Protein chains: 2
Amino acid sequence: MSKRRSITIIDIAKELGIAPSTVSRALSGHSKISPETRDKVMAVAKKWNYVPNKIALSLKNQETRTLGLIIPEIVHYFFSNVISGIEEVANKNGYSLLICQSGESLEREIKAVSTLVRQRVDGLIICCSRETEEFDHVEKLPENKGVPVVYFDRVPPNSKHPKIIVDDLMGAKQATAHLIEQGCKNIAHLAGPENLLISRNRLSGYRLALQNAGRQPKTELIKYCKEGTTEVGFAKMNELLNQEVIPDGVFANNDIIALGAMMAIKKKGLKIPEDVAVIGYSNWQLSEFMEPGLSSVNQPGAEMGEQACQCILNYIESDEPVEFFSPIILPSSLVIRGSSLRKRSAQIKVLNAGG
Amino acid sequence: MSKRRSITIIDIAKELGIAPSTVSRALSGHSKISPETRDKVMAVAKKWNYVPNKIALSLKNQETRTLGLIIPEIVHYFFSNVISGIEEVANKNGYSLLICQSGESLEREIKAVSTLVRQRVDGLIICCSRETEEFDHVEKLPENKGVPVVYFDRVPPNSKHPKIIVDDLMGAKQATAHLIEQGCKNIAHLAGPENLLISRNRLSGYRLALQNAGRQPKTELIKYCKEGTTEVGFAKMNELLNQEVIPDGVFANNDIIALGAMMAIKKKGLKIPEDVAVIGYSNWQLSEFMEPGLSSVNQPGAEMGEQACQCILNYIESDEPVEFFSPIILPSSLVIRGSSLRKRSAQIKVLNAGG
DNA sequence: GTGAAAGCGCTAACAT
DNA sequence: ATGTTAGCGCTTTCAC
């Protein structure tokens with residue numbers, strides 16, 4: 001593609017025999033400009049399809065009105081929701097969005113930070129990769145007070161920057177409480193890997209709900225699904241079904257595991273939710289299409305994106321540097337579905353799981 | 001956030017008492033530079049965390065090494081795959097990706113084009129909104145030879161720009177042929193809305209496969225699901241099941257419809273795929289989590305993104321303007337699943353559905 | 001091998 | 001109301 005020279009303010013100025021600054025003023029609707037010149041300028045600009053050059057503006061103003069986003073994977077229901085939320089808010093505020101995916105690799109994450117800083121993004125929104133345990137590449141951005149940063153979902157333990165996270169503990173508590181309300185006597189938990197904070201929080205929520213109802217969480221009703229696959233969910237649920245105390249309710253760490261559990265339940269000839277009620281903490285929209293009876297706690301991806309974006313816009317526009325931001329904790333929403341998918345829409349209830 | 005002045009080449013030059021141009025040369029590994037100065041410059045640059053300013057470079061070089069992407073919705077399995085594919089290739093080639101979503105609105109699409117052109121993206125990748133029937137806002141970009149454009153998925157009928165589309169006809173043909181091979185005698189089609197090209201192509205593929213097998217497509221086995229919801233799929237499948245000729249195979253326009261159909265089949269007490277085999281043309285990854293027995297024709301989202309990106313990079317870098325690009329047609333892939341989800345992974349076969 | 005100067009497109013301060 | 005000028009950060013001639 002041969003390089004195209006586009007129309008500039010100077011071209012317009014020459015055509016009309018006036019100064020570039022006058023053209024600039026006319027174009028930006030400055031008050032101290034005669035209507036005639038303004039109209040003439042507008043006419044020429046239109047005739048030649050003048051497009052203002054944001055690059056020149058960025059260089060002059062030292063701001064790009066561009067936000068950088070680093071995300072582990074784009075192809076993921078939760079993350080794509082986050083992106084969408086960010087894009088929505090950014091767009092509404094006249095900001096553009098530059099996206100990099102780290103592919104859960106620290107190396108790529110570091111490279112992405114560098115790329116975006118070179119591009120002079122006005123702010124950086126980041127969800128760290130699973131590999132990331134050390135945050136200097138973000139925390140020690142050039143000059144130590146570089147670009148404003150907002151973390152979401154996977155956040156460093158000690159950072160002064162804003163953080164947006166989901167209230168997993170509360171969500172899990174509500175989900176378990178819901179099973180209790182439904183009359184479940186023996187509620188099992190198919191937990192996620194112990195090393196992940198979210199798994200631990202969800203387990204805690206489960207325990208808390210039971211204790212609040214005056215019950216003791218039983219060790220034999222808690223199974224860890226380290227790999228987090230449908231297969232493991234199936235296997236662990238089978239174990240549960242072969243124990244003495246058969247659970248009549250299951251809270252699963254996520255919907256993938258929940259799906260495996262449901263397969264095991266059905267294979268046993270039991271009915272959902274009549275015999276065993278199931279509820280899954282969900283990253284995906286799957287629940288919508290899954291078996292009826294699968295209620296779920298949904299991660300508020302879009303809302304998280306919106307909040308993160310709003311947060312960084314405030315950060316960018318705040319004049320005095322803020323010393324420390326306390327984390328913003330978003331509630332998950334508990335979606336309760338009835339047992340007939342045909343009448344599903346009428347039966348969906350959304351509870352606000354947070355406080 | 002108070003505006004931060006970052007380190008420039010001039011700062012380094014001053015510190016060392018040399019000319020900015022020398023610093024520039026040292027930094028960019030120019031040959032005609034003494035090793036001592038180079039080392040000195042590098043040292044200072046490192047000490048002060050110098051970050052080159054891409055904005056200044058863009059202004060000078062008249063290229064941003066940035067690509068613009070306009071997409072109807074980010075939260076969509078197919079589209080998020082496309083984005084991911086584009087990001088991957090762009091990144092690998094040193095390009096950044098600026099994303100706007102149109103939300104299926106022509107108005108927002110027009111605004112997005114304008115935004116991206118102002119940002120001086122080097123190229124524009126676009127999937128038009130459902131509302132878009134007139135393409136001047138893209139085709140007549142400033143100066144008529146403006147930014148390189150590549151269309152994908154939803155493309156204008158007559159554009160000289162590159163277009164990447166999916167071979168729906170071939171995919172549908174393969175899917176239907178697969179049902180025939182499986183021994184299905186009466187294969188129904190749950191079609192999409194007639195006004196969409198993809199629906200028409202899939203219907204044609206279905207017809208073609210039957211004809212190739214020496215069968216006549218029967219009108220009573222074709223049902224249009226205008227709304228494309230699970231509910232409609234359920235209703236239309238019920239109609240089919242209550243007709244004289246009960247189908248033993250169903251090719252559904254997409255997986256949402258397929259899901260409804262499967263619910264209807266199961267409610268009737270029939271088994272999938274033993275009694276009725278089902279296959280859906282899929283935009284989503286749902287099939288992975290759906291009932292066993294649901295084979296699907298998957299849209300190659302990531303591949304489409306990669307191709308689109310590669311295509312625009314070539315376009316950008318080609319010196320002589322190309323007169324007309326013929327469409328690039330990607331095959332969909334037919335994924336055949338067995339009936340036991342537990343053994344699923346072993347039984348998945350992927351056939352290349354294109355020619 | 002290095003320096004000086006021009007220029008990419010734009011705007012804001014300072015004239016007039 | 002309009003023109004002049006300088007400068008944002010960088011590279012790239014053209015001198016020396």
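Worth saying up front: this structure is predicted, and the values here are computed from it rather than measured.
Within the nucleic acid shown, B:T37 comes within 4.0 Å of sugar-phosphate atoms alone, with no base atom in reach, counting heavy atoms only. Counting any heavy atom pair closer than 4.0 Å across all strands shown, B:I18 reaches sugar-phosphate atoms only and no base atom.
For B:Q62, counting side-chain heavy atoms from C-beta on, the closest listed nucleotide (D:dT13, C:dC10, C:dC8) is C:dC8. For A:A19, taking side-chain heavy atoms from C-beta onward, the closest of the listed nucleotides D:dC10, D:dT4, C:dT11 is D:dT4. Candidate nucleotides C:dG1, D:dG9, D:dT2 were compared by shortest atom distance to the side chain of A:T22, and D:dT2 ranks first.
Nearer the 5' end of DNA chain D, as judged by each residue's closest nucleotide, is the contact made by B:L59, out of B:S21 and B:L59. Comparing B:E36 and B:K60 by the nucleotide of DNA chain C that holds the closest heavy atom to each, the one mapping nearer the 5' end is B:E36. The residue among B:A56 and B:S34 whose nearest nucleotide of DNA chain C lies closer to the 5′ end is B:S34.
Under a 4.0 Å N-O distance rule, the pair A:E104/A:R154 qualifies as a salt bridge. Taking the charged nitrogens against the carboxylate oxygens, A:E306 and A:K92 have no contact shorter than 4.0 Å, which rules out a salt bridge.
Rounded to whole angstrom, the span from the CG atom of B:D11 across to the C1' atom of D:dC10 amounts to 13 Å. What separates CZ of A:R25 from P of C:dA15 is a distance of 14 Å, to the nearest Å. Regarding B:K14, its NZ atom lies at a distance of 13 Å from the P atom of D:dC10, rounded to whole Å. Atom pair A:R38:CZ and D:dT2:P shows a separation of 11 Å (rounding to whole Å applied). Straight-line distance from the CG atom of A:L57 to the C1' atom of C:dA12: 12 Å, rounded to whole Å. Straight-line distance from the CD1 atom of A:I33 to the C1' atom of D:dG3: 11 Å, rounded to whole Å. Between B:I10 atom CD1 and C:dG3 atom C1' there is a gap of 14 Å when expressed in whole angstrom units. Taking atom OH of residue B:Y50 and atom P of nucleotide D:dC10, one finds them 3 Å apart after rounding to whole Å.
Rounding to the nearest 0.5 Å gives a distance of 6.5 Å between CD of A:Q119 and CD1 of B:I55.
A:I70 approaches A:L116 most closely through the heavy-atom pair CG1-CD1, 3.6 Å.
With contacts defined as side-chain heavy-atom distances shorter than 4.5 Å, the pair A:V44/A:L16 qualifies.
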